[in-house]
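Here the structure is laid out as structure tokens; the discussion comes afterwards.
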2 protein chains.
Amino acid sequence: MIERTETSETPATGCCSPSLAPRIDAATAHALSDDLGILAHPIRLQILDLLAQHNGQVCVCDLEAALPVKQPTVSHHLRLLRAAGMIDCERRGLWAYYFVRRPALEALRTRLLAQFDALR
Amino acid sequence: MIERTETSETPATGCCSPSLAPRIDAATAHALSDDLGILAHPIRLQILDLLAQHNGQVCVCDLEAALPVKQPTVSHHLRLLRAAGMIDCERRGLWAYYFVRRPALEALRTRLLAQFDALR
DNA sequence: CGCCTATATTGACATTCTTCGATATAGCTG
DNA sequence: CAGCTATATCGAAGAATGTCAATATAGGCG
């Protein structure tokens, strides 16, 4: 590492800017990346899409029929989406009807937009 | 699976809607989740933030100094971001100056928004 | 050329993710 | 209750990801 004083204005004897720091703190970055990680799976995106389309009327076997994975896998992804607060379900008799939690998705959308705007 | 006719209007002897299909096709979902997967890492989010802040003036050792990971890890994340088309770099002498590719990020933002709006 | 420095790549290792068969749970129906 | 069905959970196995030490590459300087 090249020697340089923090107070100096010199653009560099070498390269490095005087201790550059991210505006996003690690905790925020972590929280956001967790949510992005939930979205970052094709099956989960398709589940969200299906749920949004047929709000409150989609049971697990519908999803299983519409997606190229088996039932335990569908349940697994539903659990992740639920743990992330993006969806929820209501049991009616034998069936579990899943639906998107619009306010949560709206909040995530807002958070994402804010992040993108910060990259402006 | 419960027997049912596609043409019937009956809300179900059981649960399932007549063959529900995602509006997002698998290819689109896959492409989008790939990009989301790139964003879904705290270090990468912070890198994007740092690059956006100091456009065109950030070399790898700056990033290494600002982030809690070692140089090979920084290079690794830079490579992923670059492969995803989100950033690029210019070599000047010994140093590699990285910068965000604003048009690509803008396109991603648009794509993401469209997706969120589809969940409307 | 020989040395030094910034960055990239390689290889190994640990961790996490994804999937699915098998099984458990829960609620209906007879 | 017995049997059936929808969903959840468990456990195992493979794939993908993240990290870093070690090493390679490449460009500057004396």
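Residue numbers start from 1 in every chain, and the chains themselves are labelled A, B, ... in the order their sequence lines are given, proteins ahead of strands. The figures that follow rest on heavy atoms only: side chains count, while hydrogens, waters and symmetry mates do not.
- Between the CD atom of A/E64 and the P atom of D/dT5 there is a distance of 14 Å, rounded to whole Å.
- One can place CG of B/D62 at 12 Å from C1' of C/dA6, the figure rounded to the nearest angstrom.
- Counting any heavy atom pair closer than 4.0 Å across all strands shown, B/R44 reaches sugar-phosphate atoms only and no base atom.
- Here the P atom of nucleotide C/dA6 and the CZ atom of B/R91 are 12 Å apart, to the nearest Å.
- Contact annotation: A/R79 reaches the phosphate of D/dT9 (side-chain N/O to OP1 or OP2, under 4.0 Å).
- Atoms CG (B/L78) and P (D/dT17) sit 17 Å apart, rounded to a whole Å.
- For A/Y98 and D/dA6, the shortest distance from a side-chain N or O to OP1 or OP2 is not below 4.0 Å.
- What separates CZ of B/R92 from C1' of C/dT7 is a distance of 15 Å, to the nearest Å.
- Listed for the B/R44 side chain is no donor-acceptor partner under 3.5 Å among the backbone atoms of B/L39.
- Distance from the side chain of B/V69 is smallest for D/dT19 among the nucleotides C/dT18, D/dA8, D/dT19.
- A side-chain donor-acceptor contact under 3.5 Å links A/D49 to the backbone of B/I24.
- Distance A/W95 CH2 to C/dA26 C1': 13 Å, rounded to the nearest Å.
- Side-chain proximity of B/K70 to D/dC20, C/dA6, D/dG18: nearest is D/dC20.
- For B/T73 and D/dG18, the shortest distance from a side-chain N or O to OP1 or OP2 is not below 4.0 Å.
- Below the 3.5 angstrom threshold, one finds no donor paired with an acceptor across the side chain of B/Q71 and the base of C/dA6.
- At whole-Å resolution of the value, NE2 in A/H77 and C1' in C/dT19 are 8 Å apart.
- At least one donor-acceptor pair under 3.5 Å links the side chain of B/S33 to the backbone N or O of B/A29.
- The side chain of B/P72 has C/dT10 as its nearest neighbour among C/dT10, D/dA6, C/dT7.
- Counting any heavy atom pair closer than 4.0 Å across all strands shown, B/H76 reaches a base atom.
- At distances below 3.5 Å, not a single donor-acceptor pair connects side-chain atoms of B/R120 with backbone N or O atoms of A/A52.
- Distance from the side chain of B/L94 is smallest for C/dA6 among the nucleotides C/dT7, C/dA6, D/dT7.
- Between the CD1 atom of A/I47 and the C1' atom of C/dT19 there is a distance of 13 Å, given to the nearest Å.
- In this structure, A/R102 contributes its side chain and A/L105 its backbone to no donor-acceptor pair below 3.5 Å.
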